[in-house]
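Heads up: the structure comes next, in structure tokens.
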Protein chains: 2
Amino acid sequence: MKNKNSVIRLSRYKNALRRLKTMGFARIFSDNLADAIGVTPSQVRKDFSIFGISGNKRGGYQIDELIEHLNNILGKNTIKHAIIVGAGNIGAALAKYDGFEKDGIKIDAVFEADPLKVSSQAVIPVLHADQMIEFIQTNDIRIGIIAVPESSAQQVLDLMVLSGVKGVLNFAPIRLRAPKECVVNNVNLVLELENVIYFSNLLEKEAQEAEINI
Amino acid sequence: MKNKNSVIRLSRYKNALRRLKTMGFARIFSDNLADAIGVTPSQVRKDFSIFGISGNKRGGYQIDELIEHLNNILGKNTIKHAIIVGAGNIGAALAKYDGFEKDGIKIDAVFEADPLKVSSQAVIPVLHADQMIEFIQTNDIRIGIIAVPESSAQQVLDLMVLSGVKGVLNFAPIRLRAPKECVVNNVNLVLELENVIYFSNLLEKEAQEAEINI
DNA sequence: ATGTTTTTGTGAAAAAAATAACAAAACCCC
DNA sequence: GGGGTTTTGTTATTTTTTTCACAAAAACAT
Ligand SMILES: NC(=O)c1ccc[n+]([C@@H]2O[C@H](COP(=O)([O-])OP(=O)(O)OC[C@H]3O[C@@H](n4cnc5c(N)ncnc54)[C@H](O)[C@@H]3O)[C@@H](O)[C@H]2O)c1
Ligand SMILES: NC(=O)c1ccc[n+]([C@@H]2O[C@H](COP(=O)([O-])OP(=O)(O)OC[C@H]3O[C@@H](n4cnc5c(N)ncnc54)[C@H](O)[C@@H]3O)[C@@H](O)[C@H]2O)c1
């Protein structure tokens, strides 16, 4: 898929822009934005160029306009509805998190297999897993978050796809198979941490070698 | 940084291998592994080639040997100690998660600013944030996880770096600045979800256009 | 007005990553 | 033990991503 990284960066820019806006900026230059998310100014302009975003020579970009534009590209100008499956550690944490709502993503419900964890009167209702298919269909949900154990993840995904879900964020550390009409994005936190460990080890090793070569 | 993606995939391979091993395999071919994590067999062999991992022509790879080798490269043959800062939604979820320990990562303590959340007798003790620096130094902690609000994240990182932390996994949705001797890896879940939304929208759009062009 | 400075937008170049291609080794079967 | 088959390991090729570089537009100064 071409420009995958650009899209990810667009989200980052939007994020940074919101912060910069609350800091009182009305306009922004490619190098401010670059600095805010840690890329080169060229990269910023290139990304914008790819998606047809333009600013003003010497005047930079109007923040409000830019955010609007980014939201349009990212399909975020209408509220997006999503569900979470699995009301365990991570599922519950996500359900309580207010950062999604701030970004126009509304978690409509959580689905859980364990009847003891069901609580349909909560702010974000926790419903029984059996109700998931119907809920997805009647509420036309397109986005799902999988927070169930590895062993049930594929099964949950299959049900989601069957019901009409088109995009999934998966926390189970396993590769899920989906038909090509459904996007699956995996978040593997162990892997992320291992990665940190690897690169920090590498840095330490390099530092030691540099010391020897003095 | 060169080969960054290869390193990430090495962790994936290791993960898949553990699963394949419990399924009874003793040997594995590049195409099995490729299939398990969703890449091409060439990619698998290329990755291994880069890190000097070799198998047997026609015999594939001995799983145990391979895991051992990957662990060595990833610096995982000794237990890695880490701390979490912030005992909120995500911090608590991570502390309870058993997936880290399975992978040789031990969370030694959680640090929290709110005295009401401190509970030093818990399985993984939740200590007061004031004790962090000393704990890191006396226990020689190199890895930290940041699970505090955006507004305190940079401050926490600075303290960590000061105390000797060399690698950080950050959940706050903000770019943190670290000196180059400390690696910072960001996990931004809102962004991950936005990404899913973008690409699923794209797919739907493409599907619609394809329909028109029949 | 005219020159100077700043900053964008993009095409060209470089770097990095992924894929393909295939020789060589290892095994199998007869 | 020779011919066929499988699978690695690596080099070559292609694709993708990032960076560079600079012309042109806009703002400013004088
Ligand atoms: N907790 C973490 O910090 C963390 C970190 C990284 C990855 N993960 C992954 O996230 C997933 C969930 O982790 P967790 O720690 O929240 O586990 P958990 O056991 O706390 O929660 C899982 C929940 O899913 C429910 N469940 C099981 N099957 C279900 C089904 N078919 N339909 C609906 N609900 C079902 C269980 O009843 C349970 O409440 C796991 O795959 C785990 O590997 C978790
Ligand atoms: N909860 C989620 O699902 C989720 C998802 C994505 C991102 N995040 C991010 O993760 C971070 C934490 O989110 P959360 O939902 O767990 O928030 P939370 O408010 O539940 O938890 C934050 C905790 O950090 C503590 N804290 C604040 N300053 C501290 C300091 N200096 N030292 C130690 N502890 C301190 C607070 O007392 C609180 O207990 C935030 O940056 C958030 O944006 C959370």
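In what follows, chains carry the letters A, B, and so on, assigned in the order in which the sequence lines appear, proteins first and then strands, with residues in each chain numbered from 1.
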Distance col, row Met132(B):CE vs Gln137(B):CD, nearest 0.5 angstrom, shows 10.0 Å
Distance, nearest 0.5 Å, that separates CD1 of Ile28(A) from CE of Met23(A):
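Spacing of CD1 (Ile28(A)) from CE (Met23(A)) equals 8.5 Å.
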Closest nucleotide among [options] to the [X] side chain:
X        : options                   : result
Ser42(B) : dA17(C), dA26(C), dA20(C) : dA20(C)
Asn5(A)  : dC20(D), dT10(C), dT18(D) : dT18(D)
Lys46(B) : dA26(D), dT8(D), dA18(C)  : dA18(C)

Give a yes-or-no answer on whether the side chains of Glu192(B) and Asn188(B) include a donor-acceptor pair shorter than 3.5 Å.
no
Looking only at the side chains, is there a donor atom on one of Tyr13(B) and Asp47(B) sitting less than 3.5 Å from an acceptor on the other?
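Distance-only check passes for Tyr13(B) and Asp47(B).
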If you take atom types as modelled and just measure distance, does the side chain of Arg58(B) reach the base of dT5(D) with a donor-acceptor pair under 3.5 Å?
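Side chain to base: pair present.
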Do the charged groups of Lys106(B) and Asp108(B) touch, with an N to O distance under 4.0 Å?
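Answer for the salt bridge query: yes.
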Regarding Asp103(B) and Lys80(B), does a basic nitrogen lie under 4.0 Å from an acidic carboxylate oxygen?
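So Asp103(B) does not pair with Lys80(B) through a salt bridge.
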Are more than 12 heavy atoms from other residues, nucleotides or ligands located less than 6.0 Å from atom CD of Glu134(B)?
no
Axis bend over the full length of the helix from dA1(C)-dT30(D) to dC30(C)-dG1(D), computed from five pairs that close each end, to 10 degrees
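So the angle between the two local helix axes works out to 10°.
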Enumerate the residues from residues 6-41 of chain A whose closest heavy atom to DNA chain D is under 4.0 Å, giving them by residue number; use none for an empty result.
Arg9(A), Thr40(A)
Please state whether the phosphate of dA17(C), meaning OP1 or OP2, lies under 4.0 angstrom from any side-chain nitrogen or oxygen of Gln43(B).
no
Please tell me if Asn56(B) has a side-chain N or O lying less than 4.0 Å from either OP1 or OP2 of dC27(C).
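For dC27(C), neither OP1 nor OP2 has a side-chain N or O of Asn56(B) closer than 4.0 Å.
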Mind checking if Phe48(A) touches a base, just sugar-phosphate, or nothing, with heavy atoms under 4.0 Å?
nothing
